[in-house]
Colleague: 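Right, I'll just put the structure down here and ask away after.
Only this structure's heavy atoms are used, side chains among them; waters, hydrogens and symmetry mates stay out. For ligands, and for the atoms within them, numbers begin at 1 and follow the listed sequence.
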Amino acid sequence: MKLATKLIHGGPTVDQQTGALGVPIYQISTYRQTSVDHFSKYDYARGDNPTREALEDTIAVLEGGSRCLAFASGMAAISTTLMIFSPGDHLVVCDDVYGGAYRVLSTIFSRMGISSTFVDATNLAAIEAAIRPETKGIYLESPSNPLLKVTDLRGAAEIARRHGIITLVDNTFMTPYLQRPLELGCDIVLHSGTKFINGHSDVICGFAVVRDKELGQRIRYIQNAFGTGLGPQDSFLTLRGVKTLKVRMDQSQKNTLRIVEWLKEHERVTAVHYPGLPEHPGYAIHAAQADGPGAVFSFELDSYETTKRLLEGSHLAAFAVSLGGVESIISYPARMSHASLPKEERDRKGIKDTLVRLSVGLEDPDDLIADLQQAMG
Ligand SMILES: *Cc1c(COP(=O)(O)O)cnc(C)c1O
């Protein structure tokens, strides 16, 4: 089955009770039991809910995993999954990891004795050099945020295998439609489903997908113990959203290519970071591991004044955090996703005060271009 078909038919599509073309919202907390000796599969909805399960089964099929677990947010998925590690364990993490992941690793997991070394993951040698005897995992994002840096995921997974450790990949920017890290040899795929997977800027949710059943059991145990699972309403909305993932991604990506080509020639734009451009340093690696460059990119402007005018003056692209919605979203990494980094650290990472990130939605690209033009002046 091709992915477009899996999006519609990959998970449970029919309600067994009624034949309804979809799994209903099981808005319920507990289930009546019939036997004192054997509780049924469903006993309490912190553990199991059929609507959540339908969504989990769908995402597992899309990523090619044996199991998916759905969480109350991307951060709930990431934090719950990181609880598989123990005090004394060490992780190698890409240095431009999502800010929320950086926060839990550097302020919470570090306090519990799980330490991290942040490395430039575009350099496989740097990843391998950071591995110590107590290292248990490599945590990556490709392309990364906000500079769309590309990591060779096959190469990283190969290093992990050689050292007997696992690879975790946050696949939010790509979605399983464009990139499937399990097929590249990685062990755990994490998602903020809030972004492209749900796609309508109306749900916060997250996923962890694994190939190994035992690993799935361990994460599932923590999900139930901590109560970080996704509620039935949000599961339903996300199931509804993911059905159109292919058509949304195809169109947003097409729009992105148009806008990127236009911005490259713009007199006020000094750089464009997008793995779909042949001049991008990760172009070849990205093309070898993903089915498209996606619909998020960043670019640099000639001055802070232009940057401010653009952010405050764009009418179609909403000046907001987040990405992956049907509406375009323009964001400002220096004051949003990376605001917690000191300015010197941001500068060192290339996150300038003139850098803007755009997540391209489904508007007509001509209208988006006209809007960006009027805003930049
Ligand atoms: C948004 C995001 C997250 C966090 O997800 P939430 O759903 O906001 O908790 C994690 N990783 C990436 C790459 C993101 O963009």
Side-chain angles (χ1 to χ4, degrees), residues 52 55 59 63 68-83 91 93-106 108-109 116 118 121 139-151 153 168-179 181 186 188-209 223 226 228-231 233-235 237-238 241-242 249 252 273 275 290 293-298 318 320-325 328-333 336-341 349 351 357-361:
R52 185 202 299 154
L55 174 61
I59 303 295
E63 284 286 4
C68 167
L69 296 153
F71 294 89
S73 67
M75 282 317 305
I78 291 167
S79 311
T80 304
T81 299
L82 290 173
M83 290 302 296
L91 301 170
V93 183
C94 59
D95 62 4
D96 44 4
V97 66
Y98 176 72
Y102 178 79
R103 180 166 54 189
V104 297
L105 285 166
S106 61
I108 301 175
F109 285 95
S116 309
F118 297 91
Y139 185 108
L140 302 169
E141 274 171 47
S142 184
S144 68
N145 183 28
L147 292 170
L148 289 294
K149 293 202 284 182
V150 171
T151 293
L153 296 177
L168 303 91
V169 179
D170 181 335
N171 200 30
T172 300
F173 273 35
M174 286 284 99
T175 81
Y177 174 49
L178 295 179
Q179 181 170 273
C186 303
I188 301 182
V189 176
L190 299 162
H191 276 288
S192 170
T194 309
K195 316 294 168 53
F196 289 104
I197 287 183
N198 176 62
H200 293 73
S201 305
D202 51 11
V203 169
I204 299 281
C205 71
F207 302 103
V209 194
Q223 180 199 48
F226 278 21
T228 48
L230 187 65
Q233 295 273 353
D234 289 344
S235 296
L237 281 170
T238 307
V242 77
M249 280 312 261
S252 284
H273 307 284
V296 182
F297 68 98
S298 59
V321 297
S322 201
L323 55 105
S328 295
I329 296 176
I330 191 163
S331 60
Y332 188 35
M336 290 173 158
S337 54
H338 293 70
S340 59
L341 295 184
K349 291 187 167 176
I351 304 166
R357 188 187 75 195
L358 187 63
S359 164
V360 180

Colleague: Any atoms of ligand 1 less than 4.0 Å from a non-hydrogen atom of Ser73? List them with their elements.
Modeller: 7 (O), 9 (O)
Colleague: Would Cys205 count as a contact of ligand 1 if the rule is a heavy atom under 4.0 Å away?
Modeller: yes
Colleague: Would the distance check show the side chain of Glu141 and the main-chain N or O of Cys94 forming a donor-acceptor pair, the cut-off being under 3.5 Å?
Modeller: no
Colleague: Under 4.5 Å between any side-chain heavy atoms of His191 and Glu63, yes or no?
Modeller: yes
Colleague: Would you check if Cys186 and Asn171 make a side-chain contact, meaning some heavy-atom pair closer than 4.5 Å?
Modeller: no
Colleague: Taking the six-membered ring for Trp, are the ring centroids of Phe118 and Tyr102 within less than 6.0 Å of each other?
Modeller: yes
Colleague: Side chain or backbone, does Gly74 bring an N or O within less than 3.5 Å of an N or O on ligand 1?
Modeller: yes
Colleague: Which residue supplies the protein heavy atom nearest to atom 4 (C) of ligand 1, what is that atom called, and how far is it?
Modeller: Tyr98 CE2, 3.4 Å
Colleague: Could you find the nearest protein heavy atom to atom 9 (O) of ligand 1 and give me its residue, atom name and distance?
Modeller: Met75 N, 2.9 Å
Colleague: Donor-acceptor pair, Ser142 side chain versus Val150 backbone, under 3.5 Å?
Modeller: no
Colleague: Looking only at atom types and distance, does a side-chain atom of Ser328 sit under 3.5 Å from a main-chain N or O of Gly361, one as donor and one as acceptor?
Modeller: yes
Colleague: Which residue holds the protein heavy atom closest to atom 13 (C) of ligand 1, what is that atom called, and what is the gap in Å?
Modeller: Asp170 OD2, 3.4 Å
Colleague: Do any N/O atoms on Glu141 end up under 3.5 angstrom from N/O atoms on ligand 1?
Modeller: no
Colleague: For a 4.5 angstrom cut-off between non-hydrogen side-chain atoms, does Leu323 reach Phe173?
Modeller: yes
Colleague: For atom 7 (O) of ligand 1, what's the nearest protein heavy-atom neighbour? Residue, atom name and distance, please.
Modeller: Thr194 OG1, 2.6 Å
Colleague: For atom 14 (C) of ligand 1, what's the nearest protein heavy-atom neighbour? Residue, atom name and distance, please.
Modeller: Lys195 NZ, 2.9 Å
